[in-house]
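Please read the structure below before turning to the comments.
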There are 2 protein chains.
Amino acid sequence: MANQSDTKTKILDSAEKLFAERGFSETSLRLITSKAEVNLASVNYHFGSKKELIRAVLARYMDVFMPAAAAAIIQVKQQKQCASLDDIFSSLVSPLLDLNTVRTEGTLIFLQLLGRGYIESQGHLRWFITTHYGQYLTQFVHAVAESAPEIPAAEMFWRLHFTLGTVVFTMASADALTEIAAADFEEHNDIEAVIRKVIPYLSAGVSAPVG
Amino acid sequence: MANQSDTKTKILDSAEKLFAERGFSETSLRLITSKAEVNLASVNYHFGSKKELIRAVLARYMDVFMPAAAAAIIQVKQQKQCASLDDIFSSLVSPLLDLNTVRTEGTLIFLQLLGRGYIESQGHLRWFITTHYGQYLTQFVHAVAESAPEIPAAEMFWRLHFTLGTVVFTMASADALTEIAAADFEEHNDIEAVIRKVIPYLSAGVSAPVG
DNA sequence: GTTTAATTTAAACGAGTGTTTAAATCATTA
DNA sequence: TAATGATTTAAACACTCGTTTAAATTAAAC
């Protein structure tokens with residue numbers, strides 16, 4: 001019984017790293033299990049299938065991040081009567097960075113997984129996210145909409161997806177970008193620095209005057 | 001000799017559609033050739049390998065779009081002394097939409113291919129683009145930097161990548177998004193409408209005040 | 001019309017995939 | 001300790017993939 005959760009954790013730890021780096025379908029179960037130093041068949045024994053492993057990897061982060069993010073937004077709206085978009089986005093920073101304490105490089109891995117999930121999977125992951133965490137998503141959308149009431153709902157729909165694209169793409173290629181930036185501009189750019197750079201960009205974009 | 005280019009074109013037409021829809025590695029040569037109604041081996045005969053087919057699919061659009069985009073930017077800078085970011089981004093719209101006259105749904109397919117290419121391929125495609133079309137890219141970066149001189153170079157580096165992420169992600173999931181938007185807001189959203197929605201978002205983001 | 005080259009075709013190859021099986025091993029409980 | 005259930009293991013299965021081969025077909029050149 002002690003080894004069960006040990007094997008399960010080893011698989012999850014190995015899988016999330018590889019999934020974030022190379023994507024879901026480009027990562028084979030054999031690579032995951034060999035890096036985790038467990039048997040190939042243990043994935044299907046503990047998780048049932050590769051699809052369910054993918055969902056389990058994502059759920060481990062979602063279950064931590066989503067409630068924390070929801071609480072942070074509620075807190076911001078209590079402290080400030082009229083929270084700005086910058087306030088809303090900024091309130092998500094510490095829930096994101098707290099994932100680094102949960103697991104090594106947790107923040108980066110979570111954001112990369114999110115990006116891979118949104119781009120790669122046509123069906124099962126998007127369904128999994130919306131059905132399991134849909135309440136949090138709508139709550140977040142409402143908070144943003146309240147902070148930019150001049151933007152019509154239809155326009156806001158698109159701008160939030162633009163925002164998602166910005167975040168997801170940036171994080172999916174964050175490794176390469178921070179290297180280039182460090183070489184070209186001699187700046188120190190860890191994941192937190194990138195997050196803090198992107199927030200003004202997103203706020204300005206979401207609240208841009210409607211053409 | 002008449003059938004050679006015929007088969008080649010049939011393969012390219014079938015491949016670009018499937019690549020844009022489901023990504024490169026998720027699209028098998030057998031699916032491409034069966035939809036194109038040609039023999040499986042003809043891909044390797046005419047293109048050498050799957051990688052070279054991918055490059056050929058992308059090059060067919062790049063060779064049309066890149067010179068047209070470059071010309072459009074030059075024209076804008078001649079007409080207006082101080083072209084705004086909106087002007088620069090907007091000048092790319094008609095070169096993009098002109099791809100629809102080259103091939104059916106050309107604009108959408110091109111942008112989706114670009115997105116897939118940037119996200120999926122770690123090496124060969126990124127190398128192919130920068131070495132073959134790098135001159136156009138640097139020209140575009142300079143034009144943007146000129147239109148937002150208050151943004152430091154290091155900050156602009158990041159914001160242009162945010163911009164790339166927005167465009168690429170939006171287009172990669174454009175099919176799903178336009179469907180949802182149509183259902184939720186009863187709006188008509190073709191690819192041009194999305195492009196025109198994203199431009200104010202990008203302009204505001206790139207020129208946002210630096211924190 | 002014959003020869004030569006280009007193209008198409010069907011079949012197979014070797015490697016890699018997720019999944020399943022049944023035996024072996026381990027831990028727990030009686 | 002013996003028995004029972006949980007877990008691990010090695011092997012095989014069935015399938016898909018990109019690529020290659022060699023023969024068949026078509027087109028071009030002489």
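Numbers restart at 1 for each chain; the letters A, B, ... are given by sequence-line order, proteins then strands.
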Full working for ring-ring contact (aromatic ring centres under 6.0 Å, His included) between His161(A) and Phe157(A):
CA-CA 7 Å; His161(A) 275 97; Phe157(A) 166 86; 4.7 Å; yes
Pairs in or reaching into residues 59-72 of chain B: which pass salt bridge (charged side-chain N to carboxylate O under 4.0 Å, His left out), with residues at least two apart or in two chains?
Asp13(B)-Arg60(B), Glu16(B)-Arg60(B)
Can you check the Lys10(A) NZ to dT7(D) P distance for me, whole Å?
14 Å
Identify each atom pair where a protein N or O and an N or O of nucleotides 17-20 of chain D are less than 3.5 Å apart, giving names and distance.
unit_1, atom_1, unit_2, atom_2, d
dC17(D), OP1, Ser28(B), OG, 3.4
dG18(D), OP1, Lys50(B), NZ, 2.7
dG18(D), OP2, Leu29(B), N, 2.9
dG18(D), N7, Arg30(B), NH1, 2.7
dG18(D), O6, Arg30(B), NH2, 2.6
dT19(D), OP2, Asn44(B), OD1, 3.3
dT19(D), OP2, Lys50(B), N, 3.0

Residues that Asp86(B) engages under side-chain hydrogen bond (donor to acceptor under 3.5 Å, both in side chains), provided they are two or more places apart:
Ser203(B)
Expressed in angstrom and rounded to an integer, what is the separation of Asn39(A) atom CG from dT8(D) atom C1'?
6 Å
Please report, to 0.1 Å, the donor-acceptor pairs under 3.5 Å made by any side chain of residues 106-114 of chain B, with sequence neighbours excluded.
unit_1, atom_1, unit_2, atom_2, d
Thr107(B), OG1, Leu96(B), O, 2.7
Thr107(B), OG1, Asn100(B), OD1, 3.4
Thr107(B), OG1, Asn100(B), ND2, 3.2
Gln112(B), NE2, Met171(B), O, 3.3
Gln112(B), NE2, Asp175(B), OD2, 3.4

Those residues that, when tested against Arg30(B), pass side-chain hydrogen bond (donor to acceptor under 3.5 Å, both in side chains) (two or more places apart)
none
Is the phosphate of dA6(C) approached by His46(B) (side-chain N or O, under 4.0 Å from OP1 or OP2)?
no
Provide, to the nearest angstrom, the distance between the CG atom belonging to Asp6(A) and the C1' atom belonging to dA6(D).
15 Å
Taken in chain and number order and not counting sequence neighbours, the residues that satisfy side-chain hydrogen bond (donor to acceptor under 3.5 Å, both in side chains) with Thr163(B) are Tyr201(A)
Would you say dT7(C) has OP1 or OP2 under 4.0 Å from some side-chain N or O of Ser42(B)?
no
